[in-house]
*Asks:* 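My questions will all concern the structure given below.
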Amino acid sequence: MINLTNYSPNQQDAILTNDKHLRIVACAGSGKTTTVAGKVAYLLDPSNGFDVSPENIIAFTYTEKAAAELKNKILNNVGRHRGMANMYIGTIHGWCLKALQENEYEYQSFSVLDEIKLKLFIDKHYDTIGMKEIKKLSNHSVSLRRFIDTSLFVKIMDIIRESDRQELPESISRAKIQYERTLKSKKYFDFSMIMEKAMECMELSSNLSARIKNDIKYLIVDEYQDINPIQERLINKIQEVSQCKLVVVGDDDQNIYQWRGSNNRYIIDFESKFEVSATKSIPLSTNYRSSEGIIKLAETLISNNQRRIPNKEMESGGLQTFTKGQDILYNRYDSVSDENEALANYIDNILGVPFTSDGETRGITFSDISILLRTWNKAETIVEALERHKIPYITAGVNQLFETREIEAALGLFTYLYGDLDRPELENLWLNLPNNKIDPEKLEKALDDLDSKFPKLPEVDTNWEYSLQGILWDFMSLAEIYEDSFIDDTNTDLFQRTKERAEIIFFNLGRFSQVINDFEEINFNSSSPSFHLFSFLSFINYVARDYYPEGWLNNPYTTPNAVQIMTIHQAKGLEFPVVLIPGLNNNYLPSKKRGGLNVWHFLDRQLIEEQSRYEGDPDKEDERRLLYVALTRSQKFLLLSQAPDLNNRLYKVESDYIQELTRAKIGSFPILISDHRQDFSSLTKIDQKAKEKVKNIALDFTTLKDIFECPYRFKLISVFGFRYPLNQRMGVGRSFHNCLMEIHKRGKEGESLSKEEVNEIVDRQTHFPYLTNSTILKPRLWDKVRKNVEEYYEDTKDDFSQIEFVEQDIQYKVDESILVLGRIDLIKKVGSDGKYETTIIEFKSDEESADLPITKDQLKLYALGHRELTGEIADYIMTYVIGENKVKTPEKLYESDLNSIESKIRDAVDLIWSEKFLRTEEKKTCEECFQIRLCSKRVQHDIKVKR
DNA sequence: CCGGGCCGCATTTTT
DNA sequence: TGCGGCCCGG
């Protein structure tokens, strides 16, 4: 139950108003997430008499991260409310995908391509994907070019599918049809398609529309100002079908994604969607984040915008004090290097300055400070200045992965195989890595093995499989290059330093493993090994180089105390005690329009409603909002600066917005004080202390399994990010799983299936994404799935009336910030006369062993989630081995099992926080470990690598 | 003080 | 490819 007195009057109003569509206009720092979480808790509380359960509420957020935050707050608010796993909190895309996969059998076997894989896919299928159909408006003989114009093609496809628009010209709609047909034929979605298909589905009287009509009572949309046309249509559709109440939350002044088609018109005009009496608008205009100086400054700036909700003004919640002439500064310098130097000095000086929040006064430390950028190319010289001052920092946008020596060495394996590198050169790349203990003899052995992997010509083998990932793994294993190879333990000082460096080396190699994986997921079935190698190297040189940023410091399981450098866009939703915004010149902020070949050379501007949104408005309101967002990130300290760039004539003149900021006043005192170079040296410094950050982590069973069995394996996979080599057989497990899911769902509805229907299901759900065209494996794998599914159906069809849940999502909250997620394959319930027995069932394909204790742990974990869902403790747990059609006898489940698995999870979580990822001592676990090639235990236990 | 023409330079990113 | 800056000529 929530305590309303913790909320402001307007927040209370937002929580209590539940009979109307609601627009919450929430300014920066107004406690919007807290209010939404409170609202959900209030609705769910049975004592308020709303008759609302978790599955009746959907909450859309803009990112997964925001979803995790909201989910966590809600769960902390509702306490032990049952069935919270059934409430959808996540992105619109995530909801659409789930909706399609749960309700439309056709899409169960589909997967989603992210941006990089989509581009690889488009280039691979250039001939059939419709790219050739798109002609230049000014010259119809020029069409989009393979590789070069791929990004442009993606943008065009996105705009025509996500905007509101006129009828398309023939050539473009032909391209759209070919594009989607090709994706579909390989069972792929792209991001737009998920929403498009969900929309189509809801327009028909499908399973999905019935579900929505039945379930949904409240639809909450966070960051509503950043919604684009197709998302707006989707939201309207869900509302229309379900007749639910809409709750939209956002700030028209913080709309910064217009170049992706988002439009703050939707939040401004929200009330015109419904009858006047059916909606209510509640402003949350008290900012509890920032000092009055920050608030007035930002407010003065944004008041220059026309396109915003009228008569609204942000006011101070008084949580931070404002010291004139100290907190907020604007300094000008003669050159960018002076400016950067001053910025680094400012950071040095502000460390230890007292800062109060949440009733605690502490000294400012590195992680309290953020440097906000309009564009990434500004970062380079700033980073150099910070390095000179030995200031630790985190960046997400500097593309230097391929410049690191470890990646040069790893990439060398493939340039060597391609013939562009000598063996001694390759050898040196590895032997010259810092502090390595690589044994030259072992290296020779690994190189000899590598020699056996030159693509052979002529290529006549009909059943080849050429795994680049496998080549990397075999090489590292044979040369015995492990993380420890880079750790020097001759003295403690060296040990610590080299240990940290070794982690970065392995993290980067893990990234490289992901690069290979991205490429191979799309291209595993190339036409020949030599072509596979060739296209991989082209991909590296033309695409990957400026796509994969470094990121050891950004990984979710580390928490460094460092200055954060990021773009203003990335800073959305965040707050910092100290914000630095350097480089305030025209053409930077506001930025200049980009020239060059663009979408509008191929797409007629007239076709797209509000087309100018995509190009930026002439009044620079978009850019003003961006600066507004940047300013409002600061709780107290703000340093703006400017200097003419001596090397670039675009960035010489001070930003026009500075004039607007100069007009900001409290009483008659100007807030922005120019060239008053406060250095904090007169202030008494206190102990630096980082703010305790709540990191929300969601663990699934696969991840937990790694920690249970071998914490080092967790490090290799979840921290470093190594991806396992692909092979042609992949897909058997998922195919089985999808077949059984459809059979169970239809069986549960009472449908009895003929042999033909079972066969149709097998055809629909079976998919082997990496099979080579010429392979002899294809019929074998298909027959295996078909035979086992048929047998399974014959064996169990009589029991289908006992099915209670199919593919049931579960979640279990371990503590304030950790959530365990999972999905139970099948739950059966048998009995009569009020006496029932429940069994939780997990399916394993034949390669896995159902008897392992780890599988029992998995089932116990599911039982924990099942209890959260129903309030009951299941009676039995059971596995079913598909390949052998063997039912394991159900095992009795006791309450003590739940307690033991719970404490096991807690131990695992402690282990993550302590970052002690030790290798297991169990030889048996090592022998069965898929990652043993990357682990030094292989040598210790003398385990032969399966090849 | 203006316009013509040449020259240097070139976003933001989540799903 | 096209923008904004800048130089130059009228």
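In what follows, every heavy atom counts, from backbone to side chain, and hydrogens, waters and symmetry copies are set aside. Below, chains carry the letters A, B, ... as their sequence lines are ordered, and counting in each starts from 1. Fair warning: this is a prediction, and the values are worked out from it, not measured in the lab.
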*Asks:* Distance check needed: dT11(B) C1' versus K620(A) NZ, whole Å only.
*Replies:* 12 Å
*Asks:* Hey, would you say the F110(A) and H767(A) ring centroids sit under 6.0 Å apart?
*Replies:* no
*Asks:* With a non-hydrogen cut-off below 4.0 angstrom, is N647(A) in contact with a base, only sugar-phosphate, or nothing?
*Replies:* sugar-phosphate
*Asks:* Looking only at atom P, what distance separates dT13(B) and dG2(C), rounded to whole Å?
*Replies:* 25 Å
*Asks:* Should we say atom CZ of R265(A) is surrounded by more than 12 heavy atoms from elsewhere, each under 6.0 Å from it?
*Replies:* yes
*Asks:* Below 3.5 Å is the cut-off: list the nitrogen or oxygen pairs between protein and nucleotides 2-4 of chain B, distance only.
*Replies:*
none

*Asks:* May I ask you to evaluate whether T567(A) reaches the phosphate of dT13(B), defined as a side-chain N or O under 4.0 Å from OP1 or OP2?
*Replies:* yes
*Asks:* When we call it a touch if two heavy atoms are under 4.0 Å apart, what does E64(A) touch: a base, just sugar-phosphate, or nothing?
*Replies:* sugar-phosphate
*Asks:* Is it true that the NZ or CZ of K572(A) lies under 6.0 Å from the centre of Y62(A)'s six-membered ring and within 45 degrees of the ring axis?
*Replies:* yes
*Asks:* How are the rings of F402(A) and Y548(A) set to each other: parallel, tilted or perpendicular (split at 30° and 60°)?
*Replies:* perpendicular
*Asks:* Measuring to OP1 and OP2 of dT11(B), would you say a side-chain N or O of N377(A) lies under 4.0 angstrom away?
*Replies:* yes
*Asks:* Let's test your reading of the model: under 3.5 Å, does the base of dC6(C) pair with the side chain of R649(A) as donor and acceptor?
*Replies:* no
*Asks:* Take the protein atom CG of N598(A) and the nucleotide atom C1' of dC9(B), then report the distance between them rounded to whole Å.
*Replies:* 16 Å
*Asks:* Using a heavy-atom cut-off of 4.0 Å across all strands, would you classify D190(A) as base, sugar-phosphate, or nothing?
*Replies:* nothing
*Asks:* How far does CE of M202(A) sit from CG of N103(A), to the nearest 0.5 angstrom?
*Replies:* 11.0 Å
*Asks:* Taking CZ in F147(A) as the centre, count heavy atoms belonging to other residues, nucleotides or ligands within less than 6.0 Å. Is the count above 12?
*Replies:* yes
*Asks:* Looking at CZ of R146(A) and CD1 of I122(A), how far apart are the two atoms once the value is rounded to the nearest 0.5 Å?
*Replies:* 11.5 Å
*Asks:* Within this structure, what is the CD1-to-C1' distance between I565(A) and dT12(B), rounded to whole angstrom?
*Replies:* 17 Å
*Asks:* So if I take every side-chain heavy atom of H601(A) and compare against dT11(B), dG2(C), dG5(C), which nucleotide ends up nearest?
*Replies:* dG2(C)
*Asks:* Between P on dT13(B) and CG on L118(A), what's the gap in Å once rounded to a whole number?
*Replies:* 19 Å
*Asks:* Please work out which residues in residues 139-157 of chain A have a non-hydrogen atom less than 4.0 Å from an atom of DNA chain B and list them by number.
*Replies:* none
*Asks:* Are E621(A) and R308(A) ion-paired here, with the side-chain N under 4.0 Å from a carboxylate O?
*Replies:* no
*Asks:* Whole angstrom is fine here: how far is it from CH2 in W376(A) over to P in dT11(B)?
*Replies:* 14 Å
*Asks:* Do the side-chain N or O atoms of W600(A) get closer than 4.0 angstrom to the phosphate oxygens (OP1, OP2) of dT1(C)?
*Replies:* no
*Asks:* Looking at dC3(C), I'd like to know if its phosphate oxygens (OP1 or OP2) sit under 4.0 Å from a side-chain N or O belonging to N587(A).
*Replies:* no
*Asks:* Starting at CD1 of I194(A), measure out to CD of Q101(A) and round the result to the nearest 0.5 Å.
*Replies:* 8.5 Å
*Asks:* Quick check for you: among dT15(B), dA10(B), dT12(B), whose closest atom lies nearest to any side-chain atom of L650(A)?
*Replies:* dA10(B)
*Asks:* Nearest 0.5 Å please: distance from the CD atom of E69(A) over to the NZ atom of K73(A).
*Replies:* 6.5 Å
*Asks:* What's the closest nucleotide to the side chain of R374(A) if the choices are dT13(B), dG5(C), dT11(B)?
*Replies:* dT11(B)
*Asks:* Once you round it to whole Å, what is the distance between C1' of dT15(B) and CG of D226(A)?
*Replies:* 13 Å
*Asks:* Without decimals, in angstroms, what is the distance between K592(A) NZ and dC6(C) C1'?
*Replies:* 15 Å
*Asks:* What interatomic distance, in whole Å, is found between P of dT1(C) and the corresponding atom of dT12(B)?
*Replies:* 23 Å
*Asks:* At under 4.0 Å between heavy atoms, what does S591(A) touch on the DNA or RNA strands: base, sugar-phosphate, or nothing?
*Replies:* base
*Asks:* Tell me the interatomic distance from L626(A), atom CG, to dT13(B), atom C1', rounded to whole angstroms.
*Replies:* 12 Å
*Asks:* Please tell me which of the listed nucleotides, dG5(C), dT11(B), dT13(B), lies nearest to the side chain of T375(A)?
*Replies:* dT11(B)
*Asks:* Go through the N and O atoms of the side chain of R260(A) and the base of dT12(B), and report whether any donor-acceptor pair is under 3.5 Å.
*Replies:* no
*Asks:* Verify the neighbour count for atom CZ of R723(A): are there more than 12 heavy atoms of other residues, nucleotides or ligands below 6.0 Å?
*Replies:* no
*Asks:* Examine dT12(B): is either OP1 or OP2 under 4.0 Å from a nitrogen or oxygen in the side chain of Q570(A)? Give yes or no.
*Replies:* no
*Asks:* Name the residue closer to the 5' end of DNA chain C, choosing between K136(A) and K652(A) according to the nucleotide with the nearest heavy atom.
*Replies:* K136(A)
